[in-house]
Amino acid sequence: MTPPAIHEIGRLAIRPFDTVTLDNGLQVHSILDTTTEICRLTLLLPGGEAESPLPGLFVLGNTLLAEGTRRHSGAEIADSLDFEGAWWGPQLTTHYSPLDFYSLSSKTAAIFDTAIEMLLEPVFPQEAIDNSLRQLAGRIEVSQRQASYLSACCQNRLLYRPDSALSRSASVDLLPQYTRELFVKAHASRLDPSQMHCCISGRLSDDDFARIVGRLAEIPAAEKAFEFKPAGFRDSYTDTRVDTPLEGSVQTSVRIAVPTIGRRHPDYIAVRFAVLALGGAFGSRLMSNIREEKALTYGINAQLSGYADRGFMGIACQTREPETVIAECEREIVRLADPASYTPDELTRLRRTALSSLASILDTPFSRMDFLQTRITADTPADYFEAQQQLALSLTPELLATAAATHLQGPRLISTAG
């Protein structure tokens, strides 16, 4: 039987979101689409991992917004959302806290009233804080017995300066510092409309849109502007390896980080494609070599984590032979800089993988907004979609090898646990 032909993806385009900037500085971004009955409203609150006063405090604080306001208890808020068939969930990025609210478009205006009340009038009940801290203590205790968590913590300490929030990890000893006063103060510091965004995607009537915009415009200006903090990468790397023994562990968690350029560098997308070739898909070099040929691990991946000015490539896996895996990873990173190592089949797979990923972004108004939101949360350039597409269509061995040779041959920061 003849297999079906593979059709190449044609030219793709993403329409930018519409933006309205209010007098208080808050920006409302929208992708309105009548093909769905759902509306998602996302409040982007300034403050993420890099600005959190204590490890995980903003994660807990975001969750506690639904535990009660000056007008409604947590149970009443939950009942209200449930009655309207709505759902909400907080997230956390490096510099922002997205608060997502999903509902039928006919219910969005009512859900927004609840969302704005949670944002502006939370009371952080002590009982809810105590419950959250008990749960956090349990998670910390469990994580201290997980090799992957321990190796990740060590990797962060190798990458970031000691004064960076990204180098810290939660501990039971710190929990007495998570006071109600700190939750209230930390949240109040983030209510700066000049640094807030509201992203609306899906179906929404013009009247409801105008009502939401009008209410957002009423948020008063902050007395003090919210201050974003840099990721805090180290300027140099004297310590390049940490090994953490873990009694009873069957395998060793291995992580390798290579500091590199940030998202604003013109070579960033080329580096991203080189990392994709190394370990960003099932048929990548690391998977082919370390998993399929040598059976050293069940799964291994490489990804590029980028901030505005700096970033790093991270490799992660679990194995019973860490030194062999580390040596093979090193060999593959070096080989990535050799243009002769790229085959036509590999370039075709990279191009198709990249274009398929871009095409999937266009599936729904929510996926389009997710991508466009990264312009805010991750400081991606305005032409990030088109630039990826253009490079995918013009991939060459020389382009990938040059990116790898120039930007992926820095210090190897190795952390193991197991």
Side-chain angles (χ1 to χ4, degrees), residues 17 26-31 38-67 69 74 77-78 81 86-103 108 111-112 114-120 122 124 128-129 132 135-136 139 143 149 152 156 165-166 168-170 178 183 186-193 195-202 212 216 226 228-229 231 263 303-308 314 360-361 363-380 384:
F17 46 43
L26 191 151
Q27 293 188 335
V28 181
H29 314 283
S30 60
I31 298 178
I38 306 298
C39 182
R40 186 183 74 186
L41 189 149
T42 300
L43 296 171
L44 283 180
L45 195 60
E49 292 176 291
E51 292 81 24
S52 186
L54 290 170
L57 185 128
F58 280 164
V59 174
L60 292 180
N62 294 339
T63 303
L64 288 168
L65 296 177
E67 294 298 330
T69 68
I77 291 173
L81 292 173
W87 175 88
W88 95 286
Q91 302 178 55
L92 194 75
T93 70
T94 305
H95 296 295
Y96 280 90
S97 294
L99 310 177
D100 293 326
F101 294 83
Y102 288 86
S103 67
T108 300
I111 295 305
F112 175 75
T114 300
I116 204 72
E117 184 180 325
M118 290 167 54
L119 178 69
L120 300 180
F124 299 101
I129 292 174
S132 294
Q135 294 171 14
L136 177 58
R139 292 195 297 271
S143 66
Y149 173 81
N156 289 340
L166 300 182
R168 304 173 304 180
S169 55
Y178 292 67
F183 280 109
H187 182 72
S189 71
R190 301 198 288 168
L191 297 181
D192 175 8
Q195 302 291 353
M196 292 167 62
H197 300 260
C198 179
C199 300
I200 304 172
S201 48
I212 289 171
L216 291 170
F226 183 83
F228 291 102
K229 296 182 179 179
R263 290 182 184 271
Q303 63 180 18
L304 184 62
S305 298
Y307 304 94
S360 69
I361 292 169
D363 281 349
T364 71
F366 314 119
S367 57
R368 296 200 300 274
M369 182 60 83
D370 285 338
F371 179 83
L372 293 170
Q373 249 176 236
T374 62
R375 193 181 306 172
I376 303 163
T377 60
D379 197 29
T380 56
Y384 194 47

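Annotation: salt bridge (Lys or Arg N to Asp or Glu O under 4.0 Å) contacts of Asp370 (sequence neighbours excluded): Arg40. Considering only residues two or more places apart in sequence or on other chains, Tyr307 meets the side chain to side chain donor-acceptor pair (under 3.5 Å) condition with Tyr160. Judged as a salt bridge (Lys or Arg N to Asp or Glu O under 4.0 Å), and not counting sequence neighbours, the contacts of Glu117 are Arg71. Residues that satisfy the side chain to side chain donor-acceptor pair (under 3.5 Å) test with Asp100, not counting sequence neighbours, are Thr42, Gln91. Looking at residues two or more places apart in sequence or on another chain, you find a side chain to side chain donor-acceptor pair (under 3.5 Å) between His29 and Thr19, His197. Applying the side chain to side chain donor-acceptor pair (under 3.5 Å) rule to Arg190 yields the partners Asn62, Ser97; only residues at least two apart in sequence or on another chain are considered.
Residues His187 and Leu119 meet the side-chain proximity criterion, which asks for heavy atoms closer than 4.5 Å. Between Phe371 and Tyr384 the shortest side-chain heavy-atom distance falls below 4.5 Å. Residues Pro122 and Leu64 are not in side-chain contact: their nearest non-hydrogen atoms beyond the backbone lie 4.5 Å or more apart. When side chains are defined from C-beta on, Cys39 counts as touching Ile200, because their heavy atoms get closer than 4.5 Å. With contacts defined as side-chain heavy-atom distances shorter than 4.5 Å, the pair Ile38/Phe366 qualifies.
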Inset, instruction - Run the numbers on Tyr96 and Phe228 for ring pair (Phe, Tyr, Trp, His ring centres under 6.0 Å), then give the verdict. - result: CA-CA 9 Å; Tyr96 280 90; Phe228 291 102; 5.4 Å; yes
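In terms of heavy atoms, Ser52 sits closest to Ala165 at O-CB, 4.2 Å. Nearest heavy atom pair, residue Leu57 against residue Pro53, reads CD2-CD, 3.9 Å. Cys198 approaches Leu43 most closely through the heavy-atom pair SG-CD2, 4.0 Å.
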